[in-house]
Amino acid sequence: MKKTFLITVAMFAALLSSCRPSTEPAREVIEGFAGEDFPVKLSLCLEKKDGCDRFTYSVENGMLHIDGSSNLALCRGFYEYVKSQEAGICSWSGNRFDLPAQLEESGPVSKVSPFRNHYYFNVVTYGYTMAYWDWERWSREIDWMALHGMDMPLALVANEAITARVWKKLGLSDEEIADYFVGPAHFPWMRMGNISHHDGPLPEEWHEGQVELMHRILDKMRALGMSPICPAFAGFVPQAIKRLYPDLNLMEMSWSDGAFHNWMIDPQDELFARMGRMFIEEWEKEFGKCGYYLADSFNEMDIPFPEKGDPARYELLADYGEKVYGAIKAGNPDAVWVMQGWMFGYQHDIWDYETLAALVSRVPDDKMLLLDLAADYNRHKWHTDYNWEYYKGFFGKQWVYSVIPNMGGKTCLTGKLDFYANGRLDALNSANRGNLAAFGFAPEGIENNEVIYELLCDAGWTDGEIRLDEWLDNYSACRYGAVPQGIKDYWKEILQGPYGDFRDHPRYVWQFRPGLVKQGSALIDEHLFDAVRAFASASGELARSPLYATDLEELTALYLGARMEQTVGTIYEKVAEGSDFTAEKESFLNMGAALDRALASHPNLKLENWIGYARAWGSTPELADYYEHNAKRLVTIWGPPVDDYSARVWSGLVRDYYLPRWQKWFEAEENGTRFDFTLWEEDWVRNSSGTSPVEPFEDPVEACVRLVNDN
């Protein structure tokens, strides 16, 4: 009897153990950062509080104990412990981890997030940063997300593969589909209906690799307890669909002053709803159930409905919203429709209160999530009311507080750190907070301005005010291992310069086509120069810190870039006067070469990385060339039309694109001739391959200090 009882107890205990969620996903992330021997005990023994993740950590007998409500909460709890000890940081440009072998007794420390979810990415991050990422790079990013507590990422990989399956079932040919699709780096704008066909046709081989990649991405995200937002059908189709449905009403959409076009099915047509349902079904057949689906139809475009004040406008919009949600619901009755809100502020004249109210009026409150992407733009660029105030809490719909700290992946310093530290409190404390469901950020490009994202992630897990001076001390200690006076002086100066300022498109004048504009948009003042000199002055104490060296390389490049901007101003003046500018030209080219060489030692800010990811997707030399040229197009001319929108300060891009382009302009000015920049730029995108050789500095820290002091 006793033996039977013991067996029964053992079986019951085993059953409970098998039903208990595994902490292995969190352990893998933590060990990847801290090493397999780090003493940590993890437990998923906490329930969420009001739907919000929480954790508790303490150190007992040399062992770090972390209890959490999810694997992601465990990761965040571990990371907060590490930072509380000033022992390390996880960043895009490198990691530091320096906890002692024997942990000191401490705790317990408990925290509950003030937000149910933490949103991450912008639709166009999938162009400006992640277009050609492989699994290794994606896996590192998911680890970064987990440690930083970001649990609601956009997950848009393989959208085209599923779209192609739907269209093939309807009868479109492979050629018609490939001809409509754009190059992979330009997918985001096709997905939002802005463009079609651009830099295509898309190779058929692309889809298989993307499906395999998306499986791995979603598996890891879900294992960590994340809630990915997947794509849905927004109504955009090839014109070739008319071959199959001659009576179909297609609405032509245009973008960028009519430079690009796409076509949308009239929401009233039965095919709109059918295609939307088919997409969800195909997606879930391949990738399983998803709780959130993104569909955007009017990004930066006029809406094809009657003018404001006309009752027909609001009826058509209400019907459109009902149709989009209905298509998602038909594929998955439990899913939530997610929609970007960039246009709410950017096109405030179009999206007035009544217009948005109509669009969302027939969607259940708990089945819609509005991404209020750009609170920083409301406050510091457009100088308008916050959207949650203007729309009175978004009509009861779920919504996400978000900011956009970066446009196009530009690498110049910019962003009001005090706002990124505490701007969320305006939403949390608002009488119109409504159903505020999540906090997040939506940069167009990442791997730049890293301090901003570290700060934002901490803000998303903090319910009170962050004291920026104290936070920056901790950030510096975690990143470099010490905070000498030079670092303190750097923060004091930079907060009065670029990090106390909001420039939405910071570019140096030399990143524009020569002669096109006379002044760049990056903030260049003495605070910037004094800040970088102060940072360089800490080299004696921090020269052995890899992350200090990395940041010094980047700041030196931006310092020289600013000096080049000033030199271009003098050159333009001398050209206007008809004076000789040989000395200024040589100074400009020398600084550009030194800038490029300084970044040759940087882990991220290099064109060769961007090209390498792109070429790796090609199974033949010809396909590798295609992907490389598409990737180069995005970070230079984009279209045409020529824009130089992305404005990367990258090794390789400076020496092979920006400087040669200026050299052509110098020669034309000196010879009194004209130069066809459009032809040269297109030729560089299409026919150049790889990057020219460069020799990094033998001692980058010493070289960067010298460059800063000499310029």
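Keep in mind that the numbers below use all heavy atoms, side chains included, and drop hydrogens, waters and symmetry copies. For reference, positions follow the sequence shown, starting with 1.
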Calculate, to the nearest 0.5 Å, the distance between atoms [atom1] and [atom2] belonging to [X] and [Y] respectively.
| X | Y | atom1 | atom2 | answer |
| --- | --- | --- | --- | --- |
| Leu436 | Ser430 | CG | OG | 9.5 Å |
| Leu154 | Asn122 | CG | CG | 7.5 Å |
| His186 | His198 | NE2 | NE2 | 4.0 Å |
| Thr163 | Glu160 | OG1 | CD | 6.0 Å |

**OP:** Answer yes or no for Arg140 and Trp92: cation-pi contact, defined as NZ/CZ to six-membered ring centre under 6.0 Å and angle to ring axis within 45°.
**Re:** no
Is the gap between the ring centers of [X] and [Y] under 6.0 Å?
| X | Y | result |
| --- | --- | --- |
| His505 | Tyr645 | yes |
| Trp351 | Tyr346 | no |
| Tyr292 | Trp337 | no |
| Phe439 | Phe115 | yes |

Name the orientation class of the two ring planes belonging to [X] and [Y] (parallel below 30°, tilted from 30 to 60°, perpendicular beyond 60°).
| X | Y | answer |
| --- | --- | --- |
| Trp283 | Phe279 | parallel |
| His118 | Trp461 | parallel |
| Tyr627 | Trp206 | tilted |
| Trp167 | Tyr180 | perpendicular |
| Phe298 | Phe305 | perpendicular |
| Phe394 | Trp399 | tilted |
| Tyr377 | Trp342 | perpendicular |
| Tyr386 | Phe419 | parallel |

**OP:** Starting from the C-alpha separation in whole Å, work towards a yes-or-no answer on salt bridge (charged side-chain N to carboxylate O under 4.0 Å, His left out) for Lys168 and Glu204.
**Re:** CA-CA 13 Å; Lys168 286 180 183 180; Glu204 179 71 19; 3.3 Å; yes
State plainly whether the residues [X] and [Y] are in salt-bridge range, i.e. N to O under 4.0 Å.
| X | Y | result |
| --- | --- | --- |
| Glu315 | Arg362 | yes |
| Arg76 | Asp53 | no |
| Glu322 | Lys329 | no |
| Lys397 | Asp366 | no |
| Arg313 | Glu354 | no |
| Lys381 | Asp376 | no |
| Glu47 | Arg54 | no |
| Lys285 | Glu281 | no |

So, for [X] and [Y], which heavy atoms are closest and what is the spacing to 0.1 Å?
| X | Y | value |
| --- | --- | --- |
| Pro228 | Cys290 | O-SG, 3.5 Å |
| Cys75 | Leu224 | SG-CD2, 4.2 Å |
| Phe272 | Ala234 | CE1-O, 4.0 Å |
| Tyr126 | Pro188 | C-CG, 3.8 Å |
| Ile217 | Ile142 | O-CD1, 3.9 Å |
| Ile404 | Leu373 | CG1-O, 3.4 Å |

**OP:** Start with the C-alpha gap between Lys410 and Ser646, add the side-chain angles, then the distance that decides, and say whether side chain to side chain donor-acceptor pair (under 3.5 Å) holds.
**Re:** CA-CA 6 Å; Lys410 297 176 181 66; Ser646 195; over 6 Å; no
**OP:** Begin with the C-alpha distance, continue with both residues' side-chain angles, and end with the deciding distance and a verdict on salt bridge (charged side-chain N to carboxylate O under 4.0 Å, His left out) for Arg116 and Asp50.
**Re:** CA-CA 8 Å; Arg116 296 199 299 273; Asp50 299 324; over 6 Å; no
Kindly check if the number of other-residue, nucleotide or ligand heavy atoms within 6.0 Å of [atom1] ([X]) is above 12?
| X | atom1 | result |
| --- | --- | --- |
| Glu307 | CD | no |
| Asp349 | CG | yes |
| Glu24 | CD | yes |
| Lys289 | NZ | yes |

Subject >> Among Tyr390, Trp388, Tyr353, the one residue meeting ring pair (Phe, Tyr, Trp, His ring centres under 6.0 Å) with Phe395 >> reply: Tyr353
**OP:** Would you sort out whether Tyr120 and Glu141 count as a side chain to side chain donor-acceptor pair (under 3.5 Å), showing the intermediate values?
**Re:** CA-CA 11 Å; Tyr120 184 36; Glu141 191 68 16; 2.6 Å; yes
Going by atom type alone, with no hydrogens or angles, which donor-acceptor pairs under 3.5 Å involve a side-chain atom of residues 244-260 and a protein atom two or more places apart or on another chain?
{"from": "Asn249", "atom 1": "ND2", "to": "Asp266", "atom 2": "OD2", "distance (Å)": "2.9"}
{"from": "Glu252", "atom 1": "OE2", "to": "His261", "atom 2": "ND1", "distance (Å)": "2.9"}
{"from": "Trp255", "atom 1": "NE1", "to": "Glu300", "atom 2": "OE1", "distance (Å)": "3.1"}

Subject >> For Glu286, salt bridge (Lys or Arg N to Asp or Glu O under 4.0 Å) partners two or more places apart >> reply: Arg165
Original post:
Just checking, any donor-acceptor pair under 3.5 angstrom between side chains of Asn435 and Gln398?
Top reply: no
